[in-house]
Amino acid sequence: MRRVVVTGLGLVTPLGVGVQHNWDRLIAGTSGISAISRFDVSDIPCKVAGQVPRGTEVEGGFIPDAYVSPKDQKKIDDFILYAIGAADEAIKDSGWKPADDEQAERTGVMIGSGIGGLPAIYDGSVLLAEKGPRRLSPFFIPSALINLASGHVSIIHGYKGPNHSVVTACSTGAHALGDAARLIALDDADVMVAGGTEAAVSRLGLAGFAAARALSTGYNDTPEKASRPYDKGRDGFVMGEGAGVVVLEELEHAKKRGAKIYAEIVGYGMSGDAYHITAPAEDGNGGFRSMRMALKRAGLNTDEIDYINAHGTSTPVGDLIELGAVRRLFGDDLSGASMSSTKSAIGHLLGAAGSVEAIYSILSIRDQVVPPTLNLEDPSEGTEGADLVPLKAKERKVRAALSNSFGFGGTNASLVFKQFA
Amino acid sequence: MSDIAERVKKIVVEHLGVEEAKVTETASFIDDLGADSLDTVELVMAFEEEFGIEIPDDAAEKILTVKDAIDFIQSKSA
């Protein structure tokens, strides 16, 4: 199979817009979690989230007009807007621009989302109930459809290759990168713009996850403390929003045009729990098999993985199940690897989590530093012997990194990136 | 220029994001102002809202220019 490398990165997250801006703040231990002020949360038990900062007044603020005209912004829900923004950065970063039809037909897009246009569907439903069908905008459906993120990016940039979209809840972003890399490996495309996007921090989204008793509720007065994976005080995940998009490219194609190569995507594993709609199987078997498959595909031993970006959502049950699965594969000391959850800084970006965290993993290889698990002040029993990178980033050798993403429905995906030499 | 014409042009400028000077009475929404078929559906909805009228689909299909819109609305509110 053909080899696939990463040649462009783009991020829109609660830490702001831009890869370097994100990374600097993440390594500095900054939290992107804040009190929700955009909509009424007075009757919802969780009142905090990782929200993408907006406007020109904030450094790294997201400016919609920079990507889409005001006239067209009302035709797309925010999850599409974030994808367009992150894709714009990744594509510019890669320097790739198809010169003719043939090259355009070899360039594709695979951007997924866990939930899609939830706010648009909410607004459309209310409008329908209050004013009837004649008041519903013709742009309602295309503003909410998940694959329209890929659609818009392809239209803006003229990419005529595979146009696809992944929907696997919180493992969407990881599956998108893995599947897109496969398309390149199998010679269906030379370049794929791939990632995940999410913008479900809305009244309906928050109330829905609160109803499932999945969210943190004990830190409404100290939002930056709410996401605390592996800490004894963790009490549920914190919603986040944003997008992570990468440019994946066939190795020889990248070399030929002198592209900057961040890392090689060498491993991809997938599995199903076949257990429960929202809870992970208690023995962590699904995550274990997903990681094992990714390492096998990568041809790497556990002692060659130096960093593990955990799924680690800060739920009482899930964090330790994942750690148990990692230990089963890597041994009690994680074979010397460091493992952290960057959700401690940005919250859980659902369908965007896997691709955003893949980018953080790639940057850990580039800069030989691993990001911290914030708020890990009092580690849970059962975490002994594992380096979970509490509170502060750590400089260390990173030859290869593993990134885990697990989703509702019992779907698991693991990616392995390796330093490109 | 009548009040109706001014209001129609204002809606067209807002919805299609075009310069006011381009919105002449003979301007075609699709050929001159860059609208697509979905834009024109939304435009008709905006006219309905603004003028408190109902524009049936068969009538909407014939509203292709700024003047078509003004004429139709005038005939309804006369």
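We name chains A, B, ... by the order of the sequence lines, and we start the count at 1 in each one.
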| request: Test side chain to side chain contact (heavy atoms under 4.5 Å, CB included) on A:Asp179 and A:Val166 and set out the steps. | output: CA-CA 9 Å; A:Asp179 289 351; A:Val166 173; 4.1 Å; yes

| query | Hey, which residues of residues 96-125 of chain A are touching chain B, say heavy atoms under 4.5 Å apart? | reply | none

| said: Could you walk me through whether A:Ser94 and A:Glu249 satisfy the side chain to side chain donor-acceptor pair (under 3.5 Å) test, starting with their C-alpha distance in whole Å, then the side-chain angles of each, then the deciding distance to 0.1 Å, before giving a yes or no? | reply: CA-CA 10 Å; A:Ser94 76; A:Glu249 193 164 343; 5.6 Å; no

| query | Residues of residues 145-162 of chain A under 4.5 Å from chain B (heavy atom pairs)? | reply | none

| field | Backbone N/O of A:Val245 and side chain of A:Ser355: donor-acceptor pair under 3.5 Å | value | no

| Worked check of side chain to side chain contact (heavy atoms under 4.5 Å, CB included) between A:Phe39 and A:Val201 | CA-CA 9 Å; A:Phe39 55 92; A:Val201 179; 4.1 Å; yes

| request: Check the angle between the aromatic planes of A:Phe62 and A:Tyr67 and answer parallel, tilted or perpendicular using the 30° and 60° thresholds. | output: parallel

| A:Arg54/A:Asp78 ion pair, N-O < 4.0 Å | yes

| message | Less than 4.0 angstrom from a charged side-chain N to a carboxylate O is my criterion; do B:Glu50 and B:Arg7 meet it? | response | yes

| request: Salt-bridge test for B:Glu6 and B:Lys10: reply yes if a basic N is under 4.0 Å from a carboxylate O, no otherwise. | output: no

| said: Can you pull out every side-chain hydrogen bond (donor to acceptor under 3.5 Å, both in side chains) where at least one residue sits in residues 57-66 of chain A? Sequence neighbours excluded, please. | reply: A:Asp65-A:Gln73

| Region of A:Ser69 that comes under 4.5 Å of a non-hydrogen atom in chain B | neither

| said: Quick check: under 4.5 Å, non-hydrogen atoms only, which of residues 37-46 of chain B neighbour chain A? | reply: B:Leu38, B:Asp39, B:Val41, B:Glu42, B:Met45

| Under 4.5 Å between any side-chain heavy atoms of A:Arg135 and B:Glu49, yes or no? | yes

| said: Looking at A:Glu241 and A:Arg38, is there a salt bridge between them, counting it only when a charged N and a carboxylate O are closer than 4.0 Å? | reply: yes

| task | May I ask you to decide whether A:Arg134 forms a salt bridge with B:Glu48, counting only side-chain N to carboxylate O separations under 4.0 Å? | result | yes

| field | Verdict with reasoning, B:Ile55 to B:Ile63, per side chain to side chain contact (heavy atoms under 4.5 Å, CB included) | value | CA-CA 10 Å; B:Ile55 305 176; B:Ile63 299 178; 4.0 Å; yes

